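Everything quoted here is computed from the prediction, not taken from an experiment. Positions are given from 1, in the same order as the sequence printed here.
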Amino acid sequence: MSQIIGWEYYVSHFPVVIPESQFDAVERQAEVEYRKVVGEYMDIEPEDEKNAVFQICNFLYTNQAGLSGKAVSSVSNNGYSESYALQSKEQLSDALQEMIYDCIGTRLAGVF
């Protein structure tokens, strides 16, 4: 199975946040997430598809702790509590799905 985007395409766009050594694994995961939302019946422009996978790659890499369910939600430091407004795994998954719809430019594809 060929990749939707390769390393050369990725580094030619901004922002680049994934190290080359981890890119292939993240790109494969991005394609899986993309295919969960975009059905085979949907006619997506190749440039929109590449843009979506590019953005999914960055999203997955920067949110890997939250998506794995291992994100810290609060910290106690000698009686002083610090709270962080991190999103839950479900919120991140919903945000990922919303981002994919935005990238491909459709909301009602396949409804008719």
Discussion item. Pair Ile104, Glu49 - check side chain to side chain contact (heavy atoms under 4.5 Å, CB included), show working.
Written reply: CA-CA 6 Å; Ile104 62 176; Glu49 184 175 63; over 6 Å; no
Worksheet item: Can you check side chain to side chain contact (heavy atoms under 4.5 Å, CB included) on Asp102 and Glu98, steps first, answer last?
Response: CA-CA 6 Å; Asp102 287 344; Glu98 187 73 21; 4.1 Å; yes
Could you tell me which non-hydrogen atom of [X] sits nearest to which non-hydrogen atom of [Y], and how far apart they are?
{"X": "Asn51", "Y": "Tyr9", "value": "N-OH, 4.2 Å"}
{"X": "Glu27", "Y": "Ile4", "value": "OE2-N, 3.2 Å"}
{"X": "Glu31", "Y": "Gln3", "value": "OE2-CA, 3.2 Å"}

Discussion item. Are Val32 and Phe59 linked, directly or through intermediate hydrophobic residues, by side-chain heavy-atom contacts shorter than 4.5 Å (ILVMFWY only)?
Written reply: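 Different clusters: Phe59 never reaches Val32 through Ile, Leu, Val, Met, Phe, Trp or Tyr contacts under 4.5 Å.
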Under a 4.5 Å cut-off applied to non-hydrogen side-chain atoms, are [X] and [Y] in contact?
{"X": "Tyr10", "Y": "Val17", "answer": "yes"}
{"X": "Cys57", "Y": "Ile18", "answer": "yes"}
{"X": "Pro19", "Y": "Tyr61", "answer": "yes"}
{"X": "Leu60", "Y": "Leu96", "answer": "yes"}

To the nearest 0.5 angstrom, please state how far the [atom1] atom of [X] sits from the [atom2] atom of [Y].
{"X": "Gln22", "Y": "Gln29", "atom1": "CD", "atom2": "CD", "value": "11.5 Å"}
{"X": "Phe23", "Y": "Arg28", "atom1": "CZ", "atom2": "CZ", "value": "10.0 Å"}
{"X": "Gln91", "Y": "Asn63", "atom1": "CD", "atom2": "CG", "value": "11.5 Å"}

Item to complete: Could you give me the CA-CA distance, side-chain angles and deciding distance for Ile100 and Lys36, then say whether side chain to side chain contact (heavy atoms under 4.5 Å, CB included) is met?
Response: CA-CA 10 Å; Ile100 295 169; Lys36 285 180 185 176; over 6 Å; no
Discussion item. Let's go through Glu47 and Lys50 carefully: what are the C-alpha distance in whole Å and the side-chain angles of both, what is the deciding distance for salt bridge (charged side-chain N to carboxylate O under 4.0 Å, His left out) to 0.1 Å, and is it a yes or a no?
Written reply: CA-CA 5 Å; Glu47 194 61 32; Lys50 288 179 181 180; 5.1 Å; no
Practice prompt. Might you work through the side chain to side chain contact (heavy atoms under 4.5 Å, CB included) test for Leu92 and Gln64, ending with a clear yes or no?
Written response: CA-CA 10 Å; Leu92 288 170; Gln64 55 189 315; over 6 Å; no
